[in-house]
Amino acid sequence: MAATTLEGIIAYPVTPFSAADGGPDLARLTELIDRLVRSGCHAIAPLGSTGESAYLDDQEWYTAAEASVAAVAGRVPTVVGIADLTTRSAVRRARFAERAGADVVMVLPLSYWRLDEREITRHYTEIADAIGIPLMIYNNPATAGVDLGPELMHRLVDQVENITMVKESSGDIQRMHRLTQLSDGALPFYNGSNPLALEAFAAGAAGWCTAAPCLVPDLTLDLYRAVRGGDLDTARRVFYRQLPVLRFLLDGGLPTTVKAGLALCGLDVGEPRRPLLPLDGAGTARLAALLSAAGVALAADAVPKA
């Protein structure tokens with residue numbers, strides 16, 4: 001298995017859609033990913049929840065995965081999101097991501113039926129055994145309908161060779177403390193809950209998986225640098241400056257709010273895919289105000305009129 005070390009800010013790009021035919025806009029996707037890499041993000045994670053992976057058909061997913069890896073072009077690691085109702089389909093996508101050049105796959109266990117630990121273990125083990133690149137366990141019960149406890153995630157990392165890291169997005173900081181305790185600090189885990197970014201780093205998170213760099217890359221990177229440098233005062237100041245934006249993005253749904261924010265910043269990536277709807281006028285005005293307060297320069301022609 002190829003060794004891959006992830007740390008720092010792991011950025012989620014949205015999946016842009018073309019106004020002409022509604023399909024993935026690969027030119028805009030490439031532009032967005034290039035912006036994220038050039039901003040200094042430490043890794044790129046396409047096709048997660050922010051990337052509307054659940055709303056893409058198979059061919060769209062394959063096309064977007066391949067284009068994303070090509071856009072990163074090896075400058076930083078690429079972490080491709082895998083989420084499917086069946087183990088067979090998840091294996092197929094994981095193998096495709098590996099062939100396309102992904103460095104890591106991040107696997108979210110979706111299910112219509114409630115899964116027990118035996119079924120979750122088998123699902124992850126079959127995917128991990130089918131590929132030769134590291135697998136990141138992704139716990140996000142709010143979107144997946146499956147909740148992975150710290151003990152189960154630690155056991156999977158301990159028992160399956162290329163399951164090597166965990167992304168914890170339940171919003172419960174105590175789970176991160178528990179992951180640290182279970183592994184004596186040896187298990188790399190990553191925070192996926194934006195409002196917990198400061199606390200997660202204090203709990204030992206190796207990185208922060210977030211869509212925030214699409215809109216406030218400097219602030220997310222400044223937070224990481226301050227934490228790593230042991231400058232807690234600066235870390236608090238930088239975190240609180242971006243916190244209103246982080247909360248707004250989460251509360252409004254990441255694809256919807258991030259796409260609206262990118263348009264405000266001058267990059268039109270289209271609308272989210274139905275049943276998601278674009279941010280309404282009041283929400284867009286509120287987001288514009290929050291971004292301005294955070295020091296983001298908005299495109300003059302994109303700012304809602306008072």
Side-chain angles (χ1 to χ4, degrees), residues 9-39 41 44-56 60 64 68 71 81 140 142-143 169 192-195 197 208-221 239 241-306:
I9 303 302
I10 302 168
Y12 295 146
V14 298
T15 300
F17 294 120
S18 168
D21 61 12
D25 186 334
L26 302 184
R28 291 289 189 181
L29 177 60
T30 298
E31 182 179 358
L32 175 57
I33 288 174
D34 187 59
R35 281 173 46 159
L36 291 169
V37 173
R38 287 189 290 106
S39 75
C41 292
I44 304 297
L47 297 170
S49 305
T50 302
E52 298 178 77
S53 177
Y55 300 142
L56 302 179
E60 289 175 331
S68 296
N140 190 345
T143 59
S169 299
S193 179
N194 283 340
W208 176 17
C209 300
T210 175
C214 291
L215 307 181
V216 287
D218 291 344
L219 292 177
T220 59
L221 290 159
F239 177 66
R241 186 177 173 191
Q242 63 189 292
L243 184 56
V245 174
L246 300 179
R247 285 177 170 156
F248 186 92
L249 296 181
L250 183 62
D251 291 345
L254 290 171
T256 296
T257 54
V258 173
K259 286 188 170 184
L262 284 167
L264 287 168
C265 295
L267 181 60
D268 183 1
V269 292
E271 297 183 353
R273 180 164 281 182
R274 307 292 185 269
L276 300 180
L277 292 174
L279 195 62
D280 63 20
T284 302
R286 174 64 177 154
L287 178 55
L290 292 174
L291 289 172
S292 293
V296 177
L298 305 182
D301 58 352
V303 178
K305 304 299 182 184

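Residue numbers run from 1 in the order of the sequence given. No experiment lies behind these values; they were computed from the predicted model shown.
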Exercise. Is the backbone of Ser49 close enough, under 3.5 Å, to the side chain of Ser53 for a donor and an acceptor to pair up by distance?
Worked result: no

Exercise. For Pro13 and Ala45, which heavy atoms make the closest approach, and how far apart are they?
Worked result: CD-O, 3.5 Å

Seminar exercise, completed: Between the CZ atom in Phe17 and the CD atom in Glu52, the distance rounded to the nearest 0.5 Å is 4.5 Å

Problem set entry | Any donor-acceptor N/O pair, Thr15 side chain to Gly51 backbone, under 3.5 Å | yes

For this session: Kindly say whether Leu267 contributes a backbone atom to a donor-acceptor pair with the side chain of Arg28 at under 3.5 angstrom?
Result: no

Problem set entry | Gap between atom CG of Leu29 and atom CG of Asp34 - 0.5 Å precision | 11.0 Å

Exercise. Got a second to check how far Asp218's CG is from Gln242's CD, nearest 0.5 Å?
Worked result: 10.5 Å

Exercise. Counting only N and O atoms by type, is there a donor-acceptor contact under 3.5 Å from the side chain of Glu271 to the main-chain atoms of Pro278?
Worked result: no

Exercise. Tell me, do Phe248 and Leu243 make a side-chain contact under 4.5 Å, heavy atoms counted?
Worked result: no

For this session: State the CG-CH2 distance between Leu246 and Trp208, to the nearest 0.5 angstrom.
Result: 4.5 Å

For this session: Taking the side chain as every heavy atom from C-beta outward, state whether Asn140 and Thr143 have any pair of such atoms under 4.5 Å apart.
Result: yes

Exercise. What pairs with Arg286 under salt bridge (charged side-chain N to carboxylate O under 4.0 Å, His left out), at least two apart in sequence or on another chain?
Worked result: none

Seminar exercise, completed: Taken to the nearest 0.5 Å, the spacing of Ser68 OG from Ile44 CD1 works out to 9.5 Å

For this session: For residues Pro213 and Thr220, report the shortest heavy-atom separation together with the two atoms involved.
Result: CG-OG1, 3.8 Å

For this session: Take Ile10 and Cys41, measure what side chain to side chain contact (heavy atoms under 4.5 Å, CB included) needs, and give me the verdict at the end.
Result: CA-CA 6 Å; Ile10 302 168; Cys41 292; over 6 Å; no

Seminar exercise, completed: Closest non-hydrogen atoms of Val296 and Leu215, given as atom of the first, atom of the second and distance, are CG2-O, 3.7 Å

Exercise. Which atoms form the tightest heavy-atom contact between Ala71 and Ile33, and what is the distance?
Worked result: CB-CG2, 3.8 Å

Exercise. With side chains defined as the heavy atoms from C-beta onward, is the minimum distance between Leu291 and Leu264 less than 4.5 Å?
Worked result: yes

Seminar exercise, completed: Scanning both residues in full, the closest heavy-atom pair of Leu254 with Ala211 reads CD2-CB, 4.5 Å

For this session: Test Phe239 against Leu219 for side chain to side chain contact (heavy atoms under 4.5 Å, CB included), laying out the working first.
Result: CA-CA 8 Å; Phe239 177 66; Leu219 292 177; over 6 Å; no

Exercise. By salt bridge (charged side-chain N to carboxylate O under 4.0 Å, His left out), which residues pair with Arg35, not counting sequence neighbours?
Worked result: none

Exercise. Is the backbone of Leu277 close enough, under 3.5 Å, to the side chain of Thr256 for a donor and an acceptor to pair up by distance?
Worked result: yes

Seminar exercise, completed: For Lys259 and Val269, the nearest pair of non-hydrogen atoms, with its separation, is CG-CG2, 3.6 Å

For this session: With rounding to the nearest 0.5 Å, note down the distance linking OG1 in Thr210 to CG in Leu249.
Result: 7.5 Å

For this session: Using modelled atom types only, decide if a donor and an acceptor are shared between the side chain of Ser39 and the backbone of Leu36 within a distance under 3.5 Å.
Result: yes

